[in-house]
Structures are given as C-alpha cells and as structure tokens.
Amino acid sequence: MSSPLRRTAALAAVATALGLAASTPAQSQRPTTFPTDNPAIKRIWQIGMDSSRVEALGQALLDSIGPRLTGSPGMTSASDWAIAQYKSWGIDAKRENYGTWRGWRRGVSHIDLVAPRTRSLEGTMLAWSPGTKGKPVKAEAIVLPKFKDSTEFVAWLPKARGKIVLLSPAYPTCRPSEDWVRFATPESKARMDTLVAQTQQDWAVMTGANGRPDSTKLYRGTGYGMGLGTGTLGMRLEKAGVVGMITSRNKLSGFANPFAAQNAGGGGGRGGPGGPGGQRPAGASDRGGGPASSLAAAAAGRGGFGGGGAGGAGGWGVIEVFETYNTTAPAVGLTCEDYSLVYRLAENKQKPMVTLDLDAALLGEQPAFNTIAMIKGSEKPDEYVMLSAHFDSWDGSSGATDNGTGTLMAMEAMRILKKAYPNPKRTIMVGHWASEEQGLNGSTAFTEDHPEVMKGLQGLFNQDNGTGRVQALSSSGLTDIGRHLKQWYTQLPGFFTDSLSANVVSWSFNDVPTGNPGGTDGAVFACFGTPSFGMGAVGWNYGTYTWHTNRDTYDKIVFDDVKHNATLAALMVYLASEDPEFIKRDRSPGTWPANWPANCGKVPRKTRPRY
C-alpha cells in the first residue's frame, strides 16, 4: 500500500471510530420528482445526470486545444474537434465563414528581470503582440510619466527610445481586499482604501472642465488611449522607437473609495436579469451570475470604484490579458506582484533591466467562422430552437469559464438530445460563435446571413456567465413569450423547480422592449425581436478570478454545475421544440429605438480595430 493510500485508510478508520459517515452523491442528493409521465423528459434527465460527458469534453477542449482566439490556429483546431465530436454522435456539423479577422500565433514567452537582480517574471504576451523574432530584447524599464498635455508628451518621446515602458499603475497592495477587510485595523484599512483610490485617480483618463475626456490629454496627458491593452498609445510609442511595453490589468477591487459618493449599482446583464419581476436573484451579477465578490461585507456595500458597491475582492495573482495593435514593439502583461517590483525599481532610479524573449507571428487576415450543428426537425423543419454560446476566448489562459463552460453545456445538451429525442418536431441548432470578444461579431453575422432562421426561431438559449449552475431563466421583448416560458417551466423535474432544492431555477418575463444589442450573443437575437432566453448563473467569483484572466483554466470548472446546466438546456430545448404553438412576434409595449432594428448593428466582415 502506498503512503497516500495508508493515510487515506487511516483517516477512514478515524472517521469510523468517531461515527462520521461519509456521504455519497446518491445519499446527499434528494430523488427528483416529475410533474408528468413524459418519457422523453425522464430519458433526458437520466442521460444528463447519470452519464454526463462534460468532464471528458472539457479536458479535451481546454487542456489539449486550449484558448480559442479568433483568427488563431487554436480556433481552427477547436472547430475541427467540435465538428468531429458532433459527427461521432450522428449530428450534422460544419463551419460557416462570414469574413476575416487578424490572425496570430502565440508561442513561448520569457520575461526576465536581469538587473539589479535576477528574477523570471510571471507574465505573458498580449494577444496579437509581435514577437522578438528569435533575438531577445534587453532594455531598461521606465515608467510612463504623467504629462500636462500631448505637447509635453511628444517632447518626452525621445527619452523613451530604446526603452521598455511601463504603462499601468502599480497598486500599493497586491493582496485582495478580502484580506484587508478580515485582518486590517480600521485605521490601516482606511489608509489602504485611500492609497488605492489615489492610485486609481492618478492613472484615470484625464478630463476637461466639462468633466468629459479631453482628447488633448486622455491617458496620462498623452492624448492617446490604452483601449483594452496598449491601444493607440502603444502604436505611438512604437513609432517613437520604444522597444517594448509592459502592462498589468489586475483585478484589484472592492476597496472603499473615499473620493466618490456611494451609489446603488444598476444596469443590464449578460444572460439577462432573473427573478420575480425581472429582477436579478439575490447576489446576481450584471453578467447574469452571482456576486463577483468573495466578501459578504464587500457585497453589502463596503467599496468599489465608481461610487457603487464592491466590484469584487480581487484575486491572488490574477490579471486580465487582452490585446495590442503594435506591429513591431512587443507588449506583455505582468502579474501585480512582478509588475509592482519592476515599477518600484524604476521609480527609485535603480535602473531595472528586463529581457523579452517572445515567439509570436502576425498572420494577416484569416477566415472568421462560426461552428454550427443541427438536428433536422421532422414536422416543422423550418422552425428552429437554438442553443447559443460563444466559442472564442481571450488567450491568456484556457478560456475555461469564458466561455468553455457555455460551449460544454451546448455540446452536451446536443448529445443528450440526439440520444433521447433523435427526431425533434422542430429543427434544433447550436451556434458556437466566433469573435464575441471583439464585439458579438459571429452571432451578428449569423442573424444577417440566416433570415430563414430568424423568421422561424421558436427560442434561443444563451449561456455566457461562467461555470455556475443556472439559477434564472429570463426573457423579454415579445408579449407572447411569458406564457410559453411558464408552460415549459412547469414541466421541468422538481430538481429544478422545488424551492427546497439547492438547484432550484427561477423564471421571469418582462413585457418590455429589448431593442438594444446588449453585451452577449443572446442579446443580439433579442435585439432583432426574436425569442431569446438568458440563463443567469451562480457567480463562483467569475468576475474576480476567471473572466478574461490568466487563471481561466480547466480546474476552475465546477462540473456538477455544468452537468446541471446541460441537462436543463436539453430539457428547455425539448419543451420549446414540442410546444404546439409558435411564439408570436408581437413586440412588447413601450418605447423601442426610433431606428430599430438598424440600431442592432451590422457585422464587420474584416478586422475592425477597437480604437
């Protein structure tokens, strides 16, 4: 017996001696009830809950293939894999090209501090960064100063030539706010709140007397913006001869801002609001998930920049990894700890020398495509029920919870349906969208390219808010939706409807307009006045730890919750498909945009920069 096995046996013996019974899943989960004797619902439930494939699918997609940046080889590999999976289940699947997007291949990143001491730094290239072409770049790192205006910035540029420029603030702490709330004295916490707020204020976009961004100043007085990475500022620094740039978009948040009034939050959601009257369930986030913060105290309103409650407690070692438009000077992101180290050395005139050894290739315009799968309808093939989840991701990690989990939900739901409901009344489709992260491009292209689907769409179920189990089904925009959603909901197993179940799901309908494109693919379809259903989920610190970060990996997935979601999605698709009536297109009362539906937008058919 190996040592770990001996320890396990010993612990089991201790538990037995203490009379502690180990619960099994069968013991801990209450048996579900079924409101009807519908054999298809029972079969879907059985396959989804007893023989789930989400773990195996997730491992193959997220570990072996990894991130799926639009225009990258990873996106093509993932599409090939998904199509092969569908075909192995007897489901038709294909790629649908809709245009092009800038292509990029990520290779290995080595970022090292070599003076005044040696340390390998934790970081990676921003997406679409140029590499160093096989020859490492070694240069002094300097901090971007704050300028009075763009004229002063231009006069400074010669000093930056040949240097690596630090473009982000270095925060006074890299501990999450949770630690400061739990362990600091009130005085120490107040001091840190002030220091963090001052840093945020000092590095904010500069405004004019009218309070609006001043185009002659913008970021640090340069007259340029950073966008989601290095933006137009990076392009100007590159032109001036800067040899590299370092950023750090950390998730530090949840600190009280003594310079701003505390206001209640608000806004729409990715996946839509849920709960009675269209309100979010307790603790739901704007993205349709649970609370971003891991702090009860912060969630109660202790902090958060912008005047609202806490935006999250921040996560250990977590940074967002986005993009650059540079073509010669590489751009990288470092974690809070290592970025702050290099920043302090530069600020204290200790001349930090950094080496960048980066393998990457800019590939030019590459095909942009959605991956589509379909089970043809037997009675009403020209009416459609769709599953929706964006397939692309940022590539600083594996894209596990954004939106690998939505992808797994949709694929597993299709597998279940093919086994339990192989001849659906209506056509069942799934859209694995590209380029959601660049502006909902894949799903928007589909709405333009498939008027027949838009005309015959009975319902679309979209999931894009992390690994958590769905807690709320919601919709609005068409008056007829409410009665259909209620009817479907009443046929779900008690696992999803019993108020005593930990897996209970609420439903809500607001008879109000939806004629705005929103922030996720489901909102694109809702904007055009078709039945789109949001699936709001438990948060699992989505915004704090995994959303767009270097920590969005397979191990962050809660597979019990994803299994829950896939089974629920399969049931909802089945019920929508079997509904004897088609959802009418009578728009909800209220003020729709004057230029509707033109305001829903047109897809760019080639790269459209974000600046």
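We're numbering straight along the sequence, starting at 1. What you see is a predicted model, and the numbers here were worked out from it, not measured in a lab.
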Think R249 forms a cation-pi with Y339, using NZ or CZ under 6.0 Å from the six-ring centre and within 45 degrees of its axis?
no
Has K138 got more than 12 heavy atoms of other residues, nucleotides or ligands less than 6.0 Å from its NZ?
no
Handout entry: Parallel, tilted or perpendicular: rings of H548 and F322 (30°, 60°)
Key = perpendicular
- Is a side-chain donor or acceptor of D395 paired with a backbone partner of S398 at a separation under 3.5 angstrom? no
Task: Modelled atom types, side-chain donor and acceptor of W540 and D561, under 3.5 Å - done: yes
In D464, N541, T553, D552, the residue satisfying side chain to side chain donor-acceptor pair (under 3.5 Å) with T401 is D552
Tested for side chain to side chain donor-acceptor pair (under 3.5 Å) against T607, the lone hit among Q438, Q366, E365 is E365
Scanning both residues in full, the closest heavy-atom pair of A139 with G162 reads CB-O, 3.4 Å
**Message:** Quick check on the 6.0 Å ring-centre criterion: do F369 and Y98 meet it?
**Reply:** no
**Prompt:** Just wondering, do P130 and T327 contact through their side chains at under 4.5 Å, heavy atoms?
**Reply:** no
Do any side-chain atoms of residues 56-63 form donor-acceptor pairs under 3.5 angstrom with protein atoms, and if so which ones, sequence neighbours left out?
{"from": "Q59", "atom 1": "NE2", "to": "D63", "atom 2": "OD2", "distance (Å)": "3.4"}

| query | Under 30°, 30 to 60°, or over 60°: which ring-plane class applies to W128 and W104, parallel, tilted or perpendicular? | reply | tilted
Aromatic ring proximity Y554/F559, centre distance under 6.0 Å: yes
